[in-house]
Trainee: 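Got a structure for you, written out below as structure tokens; questions coming shortly.
Every chain is numbered from 1 and lettered A, B, ... according to where its sequence line falls, protein lines coming before strand lines. Note that the coordinates shown come from a computational prediction; the quantities given were computed from them, not determined experimentally.
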Protein chains: 2
Amino acid sequence: MQEKLSIKHIANLVGTSITTVSFVLNGKAKEKHISEKLTEKILKVVAELDYQPNSIARSLRTGKTKIIGFLVDDISKPFFSGIARVIDQKASARGYKIIFSSTGNDKKRISEILNIFKDRHVDGYIIAIAEGLEEEIGRLISGKAPVVFFDRYLPEIDADYVLTDNFQSTATATQHLLDNGFKKIGFVTIDTEQQQMLDRLQGYTDTVKKVKAKPQVLKIKYTNSEDSTEKIKSFLQENPDLDAIIFAANYLTMDGLRLSRLGMEQLLSSKAVLSFDDFELLEFISPSITAIEQPIEALAENIVQLLLKKLNAGESKNSGERSVLKINANLNIRQSTQTLVS
Amino acid sequence: MQEKLSIKHIANLVGTSITTVSFVLNGKAKEKHISEKLTEKILKVVAELDYQPNSIARSLRTGKTKIIGFLVDDISKPFFSGIARVIDQKASARGYKIIFSSTGNDKKRISEILNIFKDRHVDGYIIAIAEGLEEEIGRLISGKAPVVFFDRYLPEIDADYVLTDNFQSTATATQHLLDNGFKKIGFVTIDTEQQQMLDRLQGYTDTVKKVKAKPQVLKIKYTNSEDSTEKIKSFLQENPDLDAIIFAANYLTMDGLRLSRLGMEQLLSSKAVLSFDDFELLEFISPSITAIEQPIEALAENIVQLLLKKLNAGESKNSGERSVLKINANLNIRQSTQTLVS
DNA sequence: CTGAAAGCGCTTACAG
DNA sequence: CTGAAAGCGCTTACAG
């Protein structure tokens, strides 16, 4: 196993030029009218020596690295690491590799990372944007870098997005509660302008209004877990008539469930509980909790597809059509929303 | 913002040669006796134009990519994604990037991935080996690639490892149970030759033997969760005198806790419970469960440090000193192991 | 049907 | 103290 194999060696061995070898290697044998005989001979030698073209040299020449930059708040969050796993799989199958970084939601850090990615000449970007970073991101896409955003949506940034259909999933979940006989459904969310949270709220509101019910919403100004739990407690105490409650995000579900650890279990146990975002705990505890599960596989598949389409389209038509893909989530129905025996 | 900035432009602008610019950029100004005046002038122009050398060209020339390949079973497992996050952080701070892949414990896949990594000319590897892959891995390190293994230990592979100190952590945890008055401690593990599991078992065995207690061990031939839960149930029923139980891995803890969902809670509730591996659920349920928490931050820091040391040592002394670093885990003491009121 | 040569953007031995 | 030039290993116009 000699390390130094290069196209030159192959050319010498076959007795032809590196040009011809390169053509054959790049599948341009036909196009360039290389004789079948020569083509076969080259392929045979290449196979025998297990020669693989140096990807760095190729990158330098072509300007393409076949590397995609993946940028999220925190790669260790289950949602993001789940996405990462599938994206790597899909991208690998198409010859791309992923490099990633976690921003920790730090503005300075995100600029640095984008710089590093650019410096590494990544072909494209996959990003879950955090708010407050519009500027950096805006610069990125106006620089025409191929980018696909996911998870978060920023209306002011006109780009390609792949998102969970927050509105529809929440509407479906709310309808599920109504179907099972729950009439007074409360909704716990945070006080924010984040589009995905607004969509979830809207999905809930529209659905309860359809049956002329009055939305009852708690908007928490989120500072920390304890405070949030406290506010949920007050909300439940002040609205004893609620017979179901939807938590609009995993951490809110956790904060709500924490009530049972404070000896306040009766506040929740009398009601149906439904969580936006699913996680192991919800299936495990008793009663198990119905949850909206983000469609990680489908999200990842669409992210990769969309990005690769943009990469292959090349410079040709990078303006024009922006796509915002919304993918339906799954509703995992469990004990916590079982039909009322009334 | 012109895209085409190259070292040539800088040289022209300053009125010097690319050689000189390169020396200055690489911090060899002093060494190469470039005048301070020229050095400053170059640095100023570089700063003004925000010029950054093309990393691909540099890689082609130097043979170094400043990329590290990270290989695990499944990047979305919390332990691995936690490690990934910290490794990325530490490595980024030193100018390295991580590319990753999940093997899914598939032999063919691992060969492919190692090939891809090699093809990408990664400078080094960080790998959690799975058993059965000794061959591929052996080839890798005999090829003198800089590798650091973590999480798993394969005695037959003489390489660098960074590991949780499974023996010591389990011994400490067992001692904690003894200190709190538990006398008859059971140990649930799997039937395996995996070194880390053997070490955990040994940590338990040695500790109970110190107080002349008899080890009571359940070794499960692991097929699936249901079967495992069933075996744990039988073990508990056949050994009603046990007053404490240690689960040697997170999935075993889960299988054990599942008993409570089957209405068998009394089997466990009368005993102290301790888990090797910590996760959210354990802190959350009631009673909360004492757990050994793998020291992710310290593991990651040591992995990166060790690998970079090897990279920087270069060809000079890659033989010789192998290191096996064992890092102590934290014991998170919770309600499930509280002192017996006897 | 095939090849000589330029060039991607660097680093570094060599020469002055 | 500084620069011209080779070369890393490819791809691809251009010429035959």
Side-chain angles (χ1 to χ4, degrees), chain A residues 2-43 45-46 49-67 95 118-121 123 314, chain B residues 2-43 45-46 49-67 95 118-121 123 314:
Chain A
Q2 225 194 334
E3 280 296 329
K4 294 289 160 201
L5 266 190
S6 83
I7 195 170
K8 215 186 274 175
H9 293 91
I10 306 294
N12 284 340
L13 245 40
V14 177
T16 181
S17 73
I18 62 169
T19 306
T20 306
V21 176
S22 176
F23 285 154
V24 170
L25 250 25
N26 289 301
K28 297 190 177 170
K30 281 264 146 56
E31 180 184 334
K32 297 292 179 180
H33 309 285
I34 313 290
S35 68
E36 272 195 29
K37 221 167 154 182
L38 224 197
T39 303
E40 267 172 32
K41 204 166 157 196
I42 290 173
L43 255 19
V45 173
V46 164
L49 273 60
D50 191 28
Y51 163 71
Q52 289 181 304
N54 182 312
S55 61
I56 313 285
R58 179 177 278 172
S59 289
L60 179 59
R61 188 53 230 252
T62 62
K64 302 294 171 205
T65 52
K66 296 255 178 182
I67 294 180
K118 194 176 148 204
D119 183 49
R120 295 278 183 169
H121 295 257
D123 289 349
Chain B
Q2 223 193 334
E3 281 296 329
K4 294 291 160 200
L5 265 189
S6 83
I7 196 170
K8 216 186 270 179
H9 293 92
I10 305 295
N12 284 341
L13 246 40
V14 177
T16 181
S17 74
I18 63 168
T19 305
T20 306
V21 175
S22 177
F23 285 155
V24 170
L25 249 27
N26 288 302
K28 297 190 177 171
K30 280 263 147 58
E31 180 185 331
K32 297 291 180 181
H33 308 286
I34 314 289
S35 69
E36 273 195 27
K37 223 167 152 181
L38 223 196
T39 303
E40 268 172 32
K41 205 167 156 194
I42 291 171
L43 255 20
V45 172
V46 165
L49 273 61
D50 191 27
Y51 163 71
Q52 289 181 306
N54 181 311
S55 61
I56 313 285
R58 179 178 278 172
S59 288
L60 179 58
R61 189 52 231 250
T62 62
K64 303 293 170 205
T65 52
K66 296 251 176 185
I67 294 180
K118 193 176 149 204
D119 183 50
R120 295 278 184 171
H121 295 258
D123 289 350

Trainee: Contact between B:Leu13 and B:Leu49 at the side-chain level, heavy atoms closer than 4.5 Å - yes or no?
Mentor: yes
Trainee: Taking side chain as C-beta onward, heavy atoms only, is B:Asn26 less than 4.5 Å from B:Arg58?
Mentor: yes
Trainee: Could you check how far CZ of B:Arg58 sits from P of C:dC8, rounded to whole Å?
Mentor: 18 Å
Trainee: Taking only the side-chain nitrogens and oxygens of B:Ser17, find out if one of them lies under 4.0 Å from OP1 or OP2 of D:dG3.
Mentor: yes
Trainee: With both distances kept under 3.5 Å, what pairs with D:dA4, Watson-Crick or G-U wobble?
Mentor: none
Trainee: Quick check: do B:Pro53 and B:Ile7 have side-chain heavy atoms less than 4.5 Å from each other?
Mentor: no
Trainee: Rounded to the Å, how far apart are B:Ile34 CD1 and D:dC1 P?
Mentor: 10 Å
Trainee: Is it true that a side-chain atom of A:Thr20 and a backbone atom of A:Thr16 form a donor plus acceptor pair closer than 3.5 Å?
Mentor: no
Trainee: In whole Å, I'd like the distance from the CZ atom of B:Arg61 to the P atom of C:dA13.
Mentor: 8 Å
Trainee: Once you round it to whole Å, what is the distance between C1' of D:dC1 and CD of B:Glu36?
Mentor: 13 Å
Trainee: Quick one: B:Asn26 CG to C:dG9 P, roughly how many Å, whole number?
Mentor: 17 Å
Trainee: Taking only N and O in the side chain of A:Thr20, is any of them less than 4.0 Å away from OP1 or OP2 of C:dG3?
Mentor: yes
Trainee: Expressed in angstrom and rounded to an integer, what is the separation of A:Leu60 atom CG from D:dC8 atom P?
Mentor: 13 Å
Trainee: Pick the C1' atom in D:dG16 and in D:dT12, then give their distance to the nearest Å.
Mentor: 16 Å
Trainee: How long is the line joining CD1 of A:Ile42 and P of C:dT2, in whole Å?
Mentor: 8 Å
